[in-house]
Amino acid sequence: MSRTIITVVGKDAVGITAKVCTFLAEYNVNILDISQTIVQGFFNMMMIVDTSGMELSFEEFSEKLETCGEEINVKIKSQREDIFTSMHRI
């Protein structure tokens, strides 16, 4: 399994979760865990996903995911779990 951490942040609007989940399904990415909150009109979502089924390189996937976010006016970032864990271990 190849796990990736995805964060989505921006002003709340209808369809953010649906758009991101549809994007992931199109690339055969499985959602393992998801958490989202809305605080004073700001949307925040964190996902742990399995990217082992996708055919894109991680770099291509990340670029397309960021473009998806631009289309719905949110910032979407993705990081491989091992890098995320290493960065937050200190």
Side-chain angles (χ1 to χ4, degrees):
M1 185 179 323
S2 181
R3 292 172 22 143
T4 297
I5 311 300
I6 296 175
T7 57
V8 182
V9 178
K11 283 207 140 212
D12 187 35
V14 173
I16 296 171
T17 303
K19 178 74 173 182
V20 174
C21 291
T22 299
F23 172 89
L24 296 175
E26 288 174 5
Y27 291 99
N28 202 31
V29 174
N30 187 36
I31 299 168
L32 302 172
D33 201 354
I34 184 171
S35 173
Q36 68 181 44
T37 57
I38 300 168
V39 178
Q40 295 186 10
F42 290 95
F43 178 88
N44 184 23
M45 179 166 63
M46 180 176 162
M47 308 170 93
I48 301 173
V49 301
D50 178 8
T51 54
S52 60
M54 68 179 190
E55 295 181 11
L56 294 174
S57 71
F58 184 80
E59 291 73 23
E60 288 176 295
F61 171 73
S62 293
E63 287 175 15
K64 288 181 181 289
L65 191 56
E66 286 186 28
T67 299
C68 173
E70 291 169 5
E71 293 171 2
I72 55 175
N73 296 315
V74 296
K75 292 282 185 191
I76 304 179
K77 297 294 179 186
S78 56
Q79 257 185 326
R80 290 189 178 119
E81 180 186 37
D82 55 345
I83 294 172
F84 184 88
T85 301
S86 295
M87 287 177 58
H88 293 89
R89 192 178 340 178
I90 297 174

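FYI, the numbering just counts along the sequence from 1.
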(message) With a 4.5 Å cut-off on side-chain heavy-atom distances among I, L, V, M, F, W and Y, is there a chain of contacts connecting L32 to I6?
(response) no

(message) Quick one, C68 and K19 - any side-chain contact, counting heavy atoms below 4.5 Å?
(response) yes

(request) Go through the steps to decide whether F61 and V29 satisfy the test side chain to side chain contact (heavy atoms under 4.5 Å, CB included), and finish with yes or no. (result) CA-CA 10 Å; F61 171 73; V29 174; 3.9 Å; yes

(message) Would you compute the distance between atom NZ of K64 and atom CE of M54 and round it to the nearest 0.5 angstrom?
(response) 11.5 Å

(message) Distance check, rounded to the nearest 0.5 Å: R3 atom CZ versus I5 atom CD1?
(response) 6.5 Å

(message) Grouping I, L, V, M, F, W and Y whenever their side-chain heavy atoms are under 4.5 Å apart, do L65 and M46 come out in a common cluster?
(response) no

(request) Indicate whether any N or O donor in one side chain lies under 3.5 Å from an N or O acceptor in the other, for Q36 and T17. (result) yes

(request) Give, for atom CD1 of I76 and atom CE of M47, the distance between the pair rounded to the nearest 0.5 Å. (result) 9.0 Å

(message) Return the CG to OG distance between D50 and S2, rounded to the nearest 0.5 Å.
(response) 7.0 Å

(message) Counting C-beta onward and ignoring hydrogens, is there a side-chain heavy-atom pair between E55 and Y27 closer than 4.5 Å?
(response) no

(request) Go through the side-chain N and O atoms of S78 and T4 and say whether any donor and acceptor fall under 3.5 Å apart. (result) no

(request) Please check if the side chain of D33 supplies one atom and the backbone of I48 the other of a donor-acceptor pair under 3.5 Å. (result) no

(message) Test side chain to side chain contact (heavy atoms under 4.5 Å, CB included) on V49 and N30; report intermediate values, then the result.
(response) CA-CA 6 Å; V49 301; N30 187 36; over 6 Å; no

(request) Could you tell me the separation between the CG atom of N73 and the CZ atom of F43, rounded to the nearest 0.5 Å? (result) 13.5 Å

(message) Just verifying a value: how many Å separate D12 CG and F42 CZ, rounded to the nearest 0.5 Å?
(response) 10.0 Å

(message) Against V74, only a single residue in T7, V9, I16 fulfils side-chain contact (heavy atoms from CB on, under 4.5 Å); can you say which?
(response) I16

(request) State, yes or no, whether a side-chain contact exists between I31 and L24 at a heavy-atom distance under 4.5 Å. (result) yes

(message) Checking side-chain polar atoms at under 3.5 Å, does E60 have a donor or acceptor matched by the opposite partner on S57?
(response) yes

